[in-house]
Undergrad: 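Dropping the structure in here first, questions after.
The sequence lines fix the lettering, A, B, ..., with proteins before strands; numbering per chain opens at 1.
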Protein chains: 2
Amino acid sequence: MQRAGDETTKRLAPANEKEREQRDRLIACVELLFFAYRDFTNDPDQVLEQYGFGRAHHRVLHFVHRNPGLRVADLLHILKITKQSLARVLKQLIDEGFVTQRSGKADRRERLLFATAKGSRLADKLADLQMRRIELALDKAGPGADAMARRFLFAMIGEQDRERVEALIGIHEPAHDKTEFETREST
Amino acid sequence: MQRAGDETTKRLAPANEKEREQRDRLIACVELLFFAYRDFTNDPDQVLEQYGFGRAHHRVLHFVHRNPGLRVADLLHILKITKQSLARVLKQLIDEGFVTQRSGKADRRERLLFATAKGSRLADKLADLQMRRIELALDKAGPGADAMARRFLFAMIGEQDRERVEALIGIHEPAHDKTEFETREST
DNA sequence: CAAATAAGTCAACATGACTGACGTAAGTTT
DNA sequence: AAACTTACGTCAGTCATGTTGACTTATTTG
């Protein structure tokens, strides 16, 4: 399987020293991403506990707050979860007055979602925690980390979703694309 | 609550244009980190399904594979889950021959963990998927993204854990602390 | 020997995902 | 107008993965 060459597609066995170093760097990234996300989600989790909410509530509240009038279907595409999973947390957020619904005027089947004042306060509070951690990390990473991090994270997103996310977020400067990956000369 | 000023510590209401832009950039990072991680974990999930494993198994297998002889207690600190949560997935990995245990020779209470050949194959396969995504993203982000991403992600980790993670990963170059901004043309 | 430590185990529970089936209102097509 | 499609909601059951709390066993250490 990974015995005989074919490093162009498999790369399971690093051949030379350079390849091994590159592999180590990439594995470091894999692990760092795990640790970074682990601690990144930990900040809001502490606060959410006091409200009886979990991460799922946070995600819903956040995207509704940042995109007033979001439809349920949009939320499903963003979160990539099922309608039934969303329903549970969304219902709680609505019942407890953090989110409201209105019917769309063009299409009255649509339920447009909005954060209430109470919901917005919580969403801002949670976002602030996460922004503060990111801000400090970007500072420590050095000048230019801001734009670089956004380009890197954006490129981590599955190709099919990038356009949608771009429309959702709006900000990030031009993608700094290499126009084509010069066919990476593998070995 | 957030009415009267105090932006120095709260920053809930952006005062000027510059502050608002900075806040938008940071919020973009928050959201991009969510999307990036969502898709980052999706790659291995597809494969794990075929083995009847989940993300929890992946994490355990990965860190055991990368750190042969890891103790159970170490794993608990890395994953930040409880002994009982770990026990369930670890037992499955051992029962199905992906991980083995040996008693430590210095301290025979310790159970040192090792990936079997079968376990190593799976771990490499999963790591490869994640590395490939990261490699492409770093390419798209432009030159220097590699080191920058590692510095940023490392700085996202809670301060108490950074030393431990540094020891675990080994690689990442000096932390590029803000105290000495310049002087960074190395490595 | 007594106490502390490393690990395993039993039981109960919460959260957040999933599938599948079905309902209902409102737009769209024929 | 009838038939179809779409957007959303809901009921019911399952699974994966996290939690607490209590208890055991083996081993090292004071």
Side-chain angles (χ1 to χ4, degrees), chain A residues 34 37-38 41-42 44-64 69-96 99-114, chain B residues 34 37-38 41-42 44-64 69-96 99-114:
Chain A
F34 162 73
Y37 199 78
R38 180 197 67 176
T41 52
N42 192 48
D45 282 356
Q46 308 298 323
V47 176
L48 287 159
E49 211 179 3
Q50 300 162 358
Y51 289 78
F53 290 147
R55 263 179 226 184
H57 302 87
H58 181 195
R59 294 197 280 258
V60 171
L61 179 60
H62 174 90
F63 284 107
V64 168
L70 203 65
R71 296 175 314 146
V72 170
D74 298 329
L75 215 31
L76 293 180
H77 287 132
I78 291 172
L79 303 175
K80 285 198 180 165
I81 59 174
T82 58
K83 191 174 42 162
Q84 297 90 326
S85 295
L86 174 59
R88 198 179 330 128
V89 292
L90 183 55
K91 191 175 189 308
Q92 286 177 269
L93 286 169
I94 292 169
D95 287 352
E96 302 188 30
V99 170
T100 52
Q101 292 179 316
R102 288 173 229 163
S103 292
K105 28 191 185 295
D107 185 337
R108 297 212 321 274
R109 289 172 305 177
E110 296 172 347
R111 307 295 168 84
L112 310 184
L113 301 170
F114 301 87
Chain B
F34 163 73
Y37 199 77
R38 181 197 67 176
T41 52
N42 192 47
D45 283 356
Q46 309 297 323
V47 176
L48 287 159
E49 209 180 4
Q50 301 163 354
Y51 289 78
F53 290 146
R55 267 181 224 181
H57 302 87
H58 181 195
R59 292 197 281 258
V60 171
L61 179 61
H62 174 91
F63 284 108
V64 168
L70 202 66
R71 296 175 314 145
V72 170
D74 298 329
L75 216 31
L76 293 180
H77 286 133
I78 290 171
L79 303 176
K80 286 199 179 164
I81 58 175
T82 58
K83 192 174 42 162
Q84 297 89 326
S85 294
L86 174 59
R88 200 179 326 134
V89 292
L90 184 53
K91 190 174 189 309
Q92 287 177 270
L93 286 168
I94 291 170
D95 287 351
E96 301 189 30
V99 170
T100 52
Q101 293 178 314
R102 288 174 230 163
S103 293
K105 27 190 186 299
D107 184 338
R108 295 209 328 268
R109 289 172 305 179
E110 294 173 348
R111 305 297 167 85
L112 309 185
L113 302 169
F114 300 87

Undergrad: Over how many whole Å does the gap from B:K83 atom NZ to D:dT17 atom P extend?
TA: 20 Å

Undergrad: In whole angstrom, what separates B:R71's CZ from C:dT5's P?
TA: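 The distance from CZ of B:R71 to P of C:dT5 comes to 13 Å, rounded to the nearest Å.
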
Undergrad: Separation of B:I81 atom CD1 from D:dG18 atom P, in whole Å?
TA: 5 Å

Undergrad: How are the rings of A:Y37 and B:Y37 set relative to one another: parallel (under 30°), tilted (30 to 60°) or perpendicular (over 60°)?
TA: parallel

Undergrad: How is A:R88 classified with respect to the nucleic acid when contacts are heavy atoms under 4.0 Å: base, sugar-phosphate, or nothing?
TA: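 It contacts base atoms.
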
Undergrad: Round to a whole Å and report the spacing from CD of B:Q84 to P of C:dA6.
TA: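 Those two atoms, CD and P, are 16 Å apart.
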
Undergrad: With heavy atoms under 4.0 Å as the rule, sort B:Q101 into base, sugar-phosphate or nothing.
TA: sugar-phosphate

Undergrad: Tell me what A:R55 touches on the nucleic acid: a base, only sugar-phosphate, or nothing, going by heavy atoms under 4.0 Å.
TA: sugar-phosphate

Undergrad: Looking only at side-chain atoms of B:R59, point me to the closest of D:dC8, D:dT17, C:dA26.
TA: D:dT17

Undergrad: Can you tell me the distance, in whole Å, between the CG atom of A:D95 and the C1' atom of D:dT10?
TA: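 My rounded result for the distance is 14 Å.
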
Undergrad: Rounding to a whole Å, what distance do you find between A:K80:NZ and C:dC18:P?
TA: 12 Å

Undergrad: Under 4.0 Å, heavy atoms only, any strand: does A:E49 hit a base, just the sugar-phosphate, or nothing?
TA: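 If one applies the 4.0 Å heavy-atom cut-off, A:E49 turns out to touch nothing in the nucleic acid.
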
Undergrad: Tell me: CD of A:E110 to C1' of C:dT24, nearest whole Å?
TA: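 It works out to 16 Å between those atoms.
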
Undergrad: Quick check: on DNA chain D, is the nucleotide nearest A:A87 upstream (toward 5') of the one nearest B:V89, or the reverse? Name the residue that is more 5'.
TA: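 It is A:A87, whose closest nucleotide lies nearer the 5' terminus.
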
Undergrad: Round to a whole Å and report the spacing from CG of A:D107 to P of D:dT6.
TA: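 Taking atom P of D:dT6 as the reference, CG of A:D107 is at 12 Å.
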
Undergrad: May I ask you to say what A:K91 touches in the nucleic acid, namely base, sugar-phosphate or nothing, with a heavy-atom cut-off under 4.0 Å?
TA: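 A:K91: no heavy atom of the nucleic acid under 4.0 Å.
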
Undergrad: Kindly give the heavy-atom pair with the smallest separation between B:R59 and A:F34, and that separation in Å.
TA: CD-CE1, 3.3 Å

